[in-house]
Amino acid sequence: MRLKDKVAVVTGSGSGIGEATAKRLAAEGAAVVVVDLNQEGANRVADEIRKAGGTADVLHANVGSPQELENMIRFATDKFGRLDILHNNAIRLYTGRVGEMSLEHWRKAVDIGLTSYWYATRCALQVMVGQRKGAIINTGSVSGLAGDYGLGAYNAIKAGVINLTRATAIEYARKGIRCNAVCPGAILTPPILKSRRSQPELARQTEAAIPMGRYGEPIEIANVVLFLASDEASYVNGTCIVADGGLTAHTGIPSVAGSGPDW
Ligand SMILES: NC(=O)c1ccc[n+]([C@@H]2O[C@H](COP(=O)([O-])OP(=O)(O)OC[C@H]3O[C@@H](n4cnc5c(N)ncnc54)[C@H](O)[C@@H]3O)[C@@H](O)[C@H]2O)c1
């Protein structure tokens with residue numbers, strides 16, 4: 001068990017990458033607080049963790065509310081006595097061109113996808129600094145490393161998350177805290193599965209753009225988070241691990257030497 005006696009909080013863990021991470025951390029011995037706005041999803045995930053022999057508790061919370069984030073960290077320490085791992089992962093996605101997006105959507109995107117990561121980190125640090133140990137993992141994205149058409153707000157918050165990760169890492173490194181990010185590529189979580197069904201041509205083009213020729217599975221991101229959360233990553237700090245099947249290794253320029261599956 002790589003996380004025996006550790007306590008983890010995972011936001012947005014009622015679905016997708018957060019769900020896979022909560023289950024993976026619990027399978028390695030961590031007591032996990034499953035935090036989500038979607039109570040049904042959070043209850044299901046916690047039930048599945050318990051049925052598999054793990055320890056989980058549910059907190060129905062909106063990460064867009066600073067009070068609820070304060071409560072989230074207090075909930076974990078009241079229940080389990082400490083906090084070792086915080087995985088900031090929840091987002092609300094707003095699409096739209098930079099020149100057309102509404103101020104309201106921009107603000108909501110930033111509140112939920114960036115400000116909440118900072119504020120949860122701030123609250124967690126108060127506990128972790130006292131323990132002189134802790135691991136914070138933020139879900140970034142390849143969309144924080146380059147731009148996407150129609151996802152300007154998302155691009156901005158994910159770039160912000162990546163640099164918040166670095167700033168946190170350097171400021172708290174000497175206090176025993178590590179902070180890292182995982183940057184997934186296209187991962188088959190419920191929103192992506194839905195868009196794959198409704199836009200099959202977009203899905204085909206996305207797969208073709210990924211050197212490995214396929215979308216990733218949530219567990220393939222959860223495994224990276226597990227590594228970053230564990231003591232095996234004891235000298236890994238302030239980094240962003242890209243897990244994208246090779247997507248960002250490519251300039252985007254088509255092959256000059258042939259194409260197709262044999263390539
Ligand atoms: N799926 C991908 O292809 C992909 C790629 C790169 C990065 N990511 C990142 O992974 C993370 C998880 O995305 P996912 O694809 O698993 O999505 P998902 O929709 O499956 O899960 C997100 C969860 O967050 C919860 N949530 C949303 N707003 C919330 C709020 N205000 N308070 C609490 N919970 C809230 C939702 O209810 C949902 O359960 C996000 O940060 C996303 O940007 C995903």
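In listed order, ligands and their atoms are each counted from 1. Remember, predicted model here, so these are calculated numbers, not experimental data.
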Closest protein heavy atom (residue, atom, distance) for [atom]:
atom                    : result
atom 12 (C) of ligand 1 : Asn89 OD1, 3.5 Å
atom 22 (C) of ligand 1 : Gly12 O, 4.2 Å
atom 14 (P) of ligand 1 : Thr189 OG1, 3.6 Å
atom 32 (N) of ligand 1 : Val63 N, 3.0 Å
atom 16 (O) of ligand 1 : Ile17 N, 2.8 Å
atom 20 (O) of ligand 1 : Ser15 OG, 2.6 Å
atom 7 (C) of ligand 1  : Tyr154 OH, 3.3 Å
atom 31 (N) of ligand 1 : Asn62 OD1, 2.8 Å

So, does [X] sit close enough to ligand 1 that a heavy atom of it is under 4.0 Å from the ligand?
X      : value
Gly140 : yes
Lys158 : yes
Pro190 : yes
Gly185 : yes

With side chains defined as the heavy atoms from C-beta onward, is the minimum distance between Cys183 and Ile162 less than 4.5 Å? yes
What atoms in ligand 1 come closer than 4.0 Å to a heavy atom of [X]?
X      : value
Tyr117 : 41 (O)
Asn38  : 37 (O)
Ala186 : 3 (O)
Pro191 : 17 (O), 18 (P), 19 (O), 20 (O)
Ala61  : 32 (N), 33 (C)
Gly16  : 16 (O), 20 (O)
Ser141 : 6 (C), 7 (C)

Specify the closest pair of heavy atoms between [X] and [Y], including all atoms of both residues, with the distance to one decimal.
X      : Y      : result
Tyr117 : Lys158 : OH-NZ, 3.7 Å
Val35  : Ala61  : CG1-CB, 3.9 Å
Arg44  : Glu19  : NH2-OE1, 2.8 Å
Ile136 : Asn138 : CG2-OD1, 3.9 Å
Val63  : Ala90  : CG2-CB, 4.0 Å

For Glu40, is the CD atom crowded, meaning more than 12 foreign heavy atoms sit under 6.0 Å from it? no
Would you say CZ of Arg107 has more than 12 non-hydrogen atoms from neighbouring residues, nucleotides or ligands within 6.0 angstrom? no
Which option wins on minimum heavy-atom distance to atom 38 (C) of ligand 1: Leu69, Val142, Asp36? Asp36
Ile91, Val35, Thr139: member with heavy atom nearest to atom 28 (N) of ligand 1: Ile91
Given 3.5 Å as the limit, does a donor-acceptor pair link the side chain of [X] with the main chain of [Y], or not?
X      : Y      : value
Ser13  : Val10  : yes
Asp111 : Gly64  : no
Asn180 : Leu228 : no
Asp244 : Gly185 : no
Glu28  : Leu3   : no

Looking only at N/O atoms, are Ile192 and ligand 1 under 3.5 Å apart anywhere? no
I want to know if ligand 1 touches Pro184 in the polar sense, i.e. an N/O pair below 3.5 angstrom. no
Are the charged groups of Arg204 and Glu201 less than 4.0 angstrom apart, N to O? yes
